[in-house]
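Values below: all heavy atoms of this structure, side chains included; hydrogens, waters and symmetry mates excluded.
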Amino acid sequence: MNIFNELRASIHRVVHSVFPNVDEALLSRITVEPPRDASHGDMATNAAMILSKAVGKPPRTVAEALLDGFKKLPIITKVEIAGPGFINLTLKPEAFKSVLAHALQTGPEKFGDGTIGRGHKVNVEYVSANPTGPLTVGHARGAIFGDAVANLMAKAGYAVQKEYYTNDAGKQVEVLTDSVILRIREAAGENIGEIPQGCYPGEYLKDVAKAYLEKHKTWDDRKTVRDFAIEYLMNEIKIDLGELGVRHDIFISEAAILASGAVEKAMQQLTSLGLIYEGVLEAPKGKTPEDWEPREQTLFKSTDFGDDVDRPMKKSDGSTTYFANDIAHYYHMHKMGFDTLINVVGADHGGYVKRAKAAVKAITQGRATLDLPLVSIVTVTDNGQPVKMSKRAGTFITLRDMLDRVGAGVMRFIMLTREAGQTLEFDYAKVTEQSKDNPYFYVQYAHARCCSVLKHAREMFGDISDASLAKTDLSPLERPEEMALIKLISTWPRVVEQAALAEEPHRVAYFTQDVAAAFHGWWNRGRDDATLRFLIEGNKPLSMARIALVRGVALTIASSLNVIGVKPLDELRSDVEMEAA
RNA sequence: GAUCCCGUAGCUCAACUGGAUAGAGCAUCUGCCUUCUAAGCAGAGGGUUGCAGGUUCAAGUCCUGCCGGGAUCGCCA
């Protein structure tokens with residue numbers, strides 16, 4: 001139930017009846033949104049300004065013409081023309097209250113569910129870290145972001161698949177194999193001296209070696225070592241992700257893609273489209289690599305699709321480049337029925353975006369689109385001081401370190417309080433502080449307060465199940481604080497839609513804070529003004545209506561936390577770990 | 001040299017993909033609160049949105065050119 005969309009449809013109907021000649025394209029530019037300034041009413045539409053040119057009249061005149069039609073809409077009580085030609089609409093309070101009733105009926109799981117996705121299949125690929133070591137906090141941010149985007153799109157009505165693409169082929173796993181063999185020899189008593197340059201120095205590989213020796217006697221077969229190491233490390237990765245609450249639907253292996261001949265098929269497809277040729281690339285200008293020499297190689301004509309230079313498909317040793325393999329992978333996903341592909345990558349992949357998008361466009365002949373949201377780095381501090389890196393892992397702070405320190409809930413929430421493209425400072429002291437300055441705590445506190453009120457309410461009035469609250473008469477709710485909350489709650493379905501379209505889960509985190517802030521504000525008013533308390537003895541109708549609203553706040557917070565992947569807490573006590581999950 | 005990301009209050013960040021007077025929190029200042037709804041409350045000041053042009057009814061948002069920070073630049077993914 002999304003009153004914004006409903007009202008938008010009504011307004012489009014009115015516009016169409018007044019100006020029958022207006023075409024669909026123009027109509028689609030007409031928006032209905034809540035104005036920033038609440039004194040401008042509940043909703044504002046730009047219809048008159050959009051239509052002005054096509055109709056050939058100034059905006060305010062167009063607005064006049066639309067006025068009567070808007071006034072006749074049943075949920076509208078007031079229509080005003082304002083500013084350059086905005087039409088401000090005031091809605092009946094019942095319109096918003098019906099959303100609250102609907103929320104109580106549907107519950108936290110379903111409230112806010114949208115239909116814009118129309119069951120369209122979307123593949124979201126994220127994390128996809130190489131199985132060469134433990135996940136870092138950087139991976140954690142990508143994992144959390146990707147997971148939230150996937151949840152968000154699923155809630156907006158898309159059929160979402162969460163994918164982990166395992167880069168288990170290529171040079172890095174060979175380096176891994178060398179490094180593990182070294183550690184195995186070390187574990188077997190050999191003196192290996194310093195870890196040579198180019199090998200992974202991390203001590204976690206000692207564990208791999210030890211586990212290997214428990215199962216195998218020799219290590220002269222590289223494939224056995226490699227397969228063992230990959231499986232071992234992938235398993236570790238899955239354990240970490242599991243504790244973070246991230247569970248992928250599907251793991252696709254690069255080695256399997258290669259073995260299946262998918263790369264050859266993709267190459268054939270591109271060749272038949274006339275997009276593969278043998279040629280020589282120019283050296284990059286400015287900074288020429290020292291060992292640069294012109295070389296003829298197999299190139300993909302990505303410049304036809306918006307890229308800056310054509311890209312090589314084969315390495316000098318004849319094997320395919322990672323880019324060629326990725327194209328095969330994307331093509332594979334497309335053939336599995338996904339024509340919206342989202343691939344969450346680190347900000348260091350910025351230079352990769354154009355060519356990847358070009359490739360998908362080319363090989364699917366425009367039938368599929370690829371989005372590559374870039375996730376920036378995380379700097380970890382404790383009280384402003386840089387946090388030491390884990391020795392075990394080598395040079396990174398691991399996801400595990402952070403998980404042990406603050407828990408999954410804090411990580412998931414805090415990492416979504418910043419736009420993905422912005423670097424994020426994550427301060428251990430700040431994010432675990434129990435004060436209103438910590439957004440995680442602030443939101444959980446609001447939810448816990450709601451639960452506390454509901455507990456008292458149950459003692460006072462008995463049955464306050466969602467089913468019975470959904471039938472409660474909400475007409476006693478008329479204070480500004482109450483209406484503000486009701487209106488805020490009713491925007492949740494719209495937030496889901498907008499955030500999903502923009503692929504920006506941070507908006508959900510902000511929304512959650514807005515709801516919490518409004519609720520805390522209402523609560524605080526009750527300290528000074530006893531008539532604003534939730535449970536008023538001797539006034540059951542008002543109390544019940546307020547209980548319904550409190551429950552509505554709680555389930556809206558729960559619903560939005562659900563998208564973020566955070567478990568809402570029913571109570572906070574200082575002697576209890578904030579992280580209950 | 002090229003490409004991409006970023007630049008908003010003293011600080012950390014928002015701003016509903018072009019809407020009205022650019023908003024929160026922290027910090028600062030001024031009041032209030034000895035309560036049972038602990039982890040405070042209410043209010044105030046604070047801005048040429050890096051700079052300069054352009055597009056239009058309307059620009060933090062789109063285009064062009066600069067300035068500054070970061071990332072990347074054939075055989076790592």
Side-chain angles (χ1 to χ4, degrees), chain A residues 4 29 31 33-37 40 44-46 48-50 52-53 58-60 82-86 88 128-130 132 165 167 169-173 175 254 280-289 291-295 297 299 307-309 311-312 314-323 325-326 345-354 374 376-377 417-425 427 430 433-437 439 441-442 445 449 452-453 456 491 494-495 497-499 501-502 504 506-507 510-511 513-514 517 520-521 523-528 533-535 572-574:
Chain A
F4 297 87
R29 287 177 51 210
T31 59
E33 26 185 66
R36 272 205 279 243
D37 188 340
H40 292 149
T45 177
N46 60 354
M49 291 177 290
I50 295 294
S52 170
K53 197 170 261 181
R60 294 188 72 105
F86 285 101
N88 292 336
S128 298
N130 295 339
T132 56
Y165 180 54
N167 293 114
K171 195 167 182 173
Q172 298 197 0
V173 287
V175 173
E254 183 183 8
V280 180
L281 285 179
E282 281 179 34
K285 286 180 180 147
K287 180 206 137 202
T288 306
D291 58 345
W292 177 273
E293 49 188 70
R295 179 183 294 120
Q297 47 192 343
L299 299 169
D307 200 4
D308 307 306
V309 286
R311 304 291 174 178
K314 286 187 177 169
K315 303 180 192 173
S316 53
D317 66 0
S319 64
T320 48
T321 58
Y322 73 89
F323 179 51
N325 298 351
D326 277 1
V345 292
D348 55 341
H349 284 57
Y352 178 68
V353 172
K354 274 190 186 178
L374 303 177
S376 285
I377 57 165
T417 55
R418 210 110 303 174
E419 216 174 337
Q422 298 271 7
T423 63
L424 174 91
E425 191 186 323
D427 189 288
K430 277 187 192 159
E433 187 178 277
Q434 303 213 358
S435 81
K436 60 173 290 202
D437 305 336
F441 173 80
Y442 190 64
Y445 188 30
R449 272 182 161 172
S452 155
V453 173
H456 287 127
T491 62
R494 182 180 146 88
V495 171
E497 240 177 48
Q498 304 274 352
L501 285 173
E504 289 183 348
H506 75 275
R507 296 190 193 189
Y510 278 93
F511 171 78
Q513 291 178 71
D514 287 346
H520 286 308
W523 175 291
N524 289 328
R525 292 294 303 274
R527 307 173 107 162
D528 304 330
R533 298 201 166 199
F534 308 111
L535 309 176
L572 300 172
R573 291 209 314 266
S574 50

Can you check nucleotides 40-47 of chain B for protein contacts, nitrogen or oxygen pairs under 3.5 Å, and list what you find?
| from | atom 1 | to | atom 2 | distance (Å) |
| --- | --- | --- | --- | --- |
| B/G40 | OP1 | A/Lys436 | N | 3.4 |
| B/G40 | O2' | A/Arg527 | NH1 | 2.8 |

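- The CG-C1' distance, from A/Asp308 to B/C4, rounds to 9 Å in whole Å.
- Atom CG of A/Leu424 and atom C1' of B/U12 are 11 Å apart (whole Å).
- Taking the C1' atom of each, B/A22 and B/C76 are spaced 44 Å apart, rounded to whole Å.
- Taking the side chain to side chain donor-acceptor pair (under 3.5 Å) definition, one finds that A/Glu425 meets it with A/Thr381, sequence neighbours left out.
- Residues passing the salt bridge (charged side-chain N to carboxylate O under 4.0 Å, His left out) test with A/Arg533: none are found, sequence neighbours excluded.
- Atom-to-atom, CD of A/Gln513 to P of B/A14 comes out at 11 Å; the value is rounded to the nearest Å.
- Contacts of A/Asp427 classified as salt bridge (charged side-chain N to carboxylate O under 4.0 Å, His left out), with partners at least two apart in sequence or in another chain: none.
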Interface polar pairs with nucleotides 69-72 of chain B, N/O, under 3.5 angstrom:
none

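- Applying the salt bridge (charged side-chain N to carboxylate O under 4.0 Å, His left out) rule to A/Lys354 yields the partners A/Asp308; only residues at least two apart in sequence or on another chain are considered.
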Atom pairs under 3.5 Å: protein N/O with N/O of nucleotides 54-65 of chain B:
| from | atom 1 | to | atom 2 | distance (Å) |
| --- | --- | --- | --- | --- |
| B/C57 | OP1 | A/Lys53 | NZ | 3.4 |

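- In RNA chain B, the stems built from three or more successive Watson-Crick or G-U pairs (distances below 3.5 Å) are B:1-5 with B:69-73, B:10-13 with B:23-26, B:28-32 with B:40-44, B:50-54 with B:62-66.
- In terms of the ring pair (Phe, Tyr, Trp, His ring centres under 6.0 Å) criterion, A/Phe86 has no residue partners (sequence neighbours excluded).
- With sequence neighbours excluded, the residues satisfying side-chain contact (heavy atoms from CB on, under 4.5 Å) with A/Arg449 are A/Tyr445, A/Phe519, A/His520, A/Trp523, A/Asn524.
- Counting only heavy atoms from C-beta on, A/Glu504 has its side chain closest to B/A15 among B/C4, B/A20, B/A15.
- In this structure, A/Thr491 reaches neither bases nor backbone, as no heavy-atom distance under 4.0 Å exists between it and the strands shown.
- Side-chain nitrogen and oxygen atoms of A/Lys354 include at least one within less than 4.0 Å of the OP1 or OP2 phosphate oxygen of B/C4.
- With sequence neighbours left out, the side-chain contact (heavy atoms from CB on, under 4.5 Å) criterion links A/Ile50 to A/Leu26, A/Arg29, A/Ile30, A/Asn46.
- Judged as a salt bridge (charged side-chain N to carboxylate O under 4.0 Å, His left out), and not counting sequence neighbours, A/Glu497 has no contacts.
- Rounded to whole Å, atom C1' of B/A77 lies 8 Å from atom CD of A/Glu254.
- Between A/Gln498 and B/U17, a side-chain N or O to OP1/OP2 separation shorter than 4.0 Å is present.
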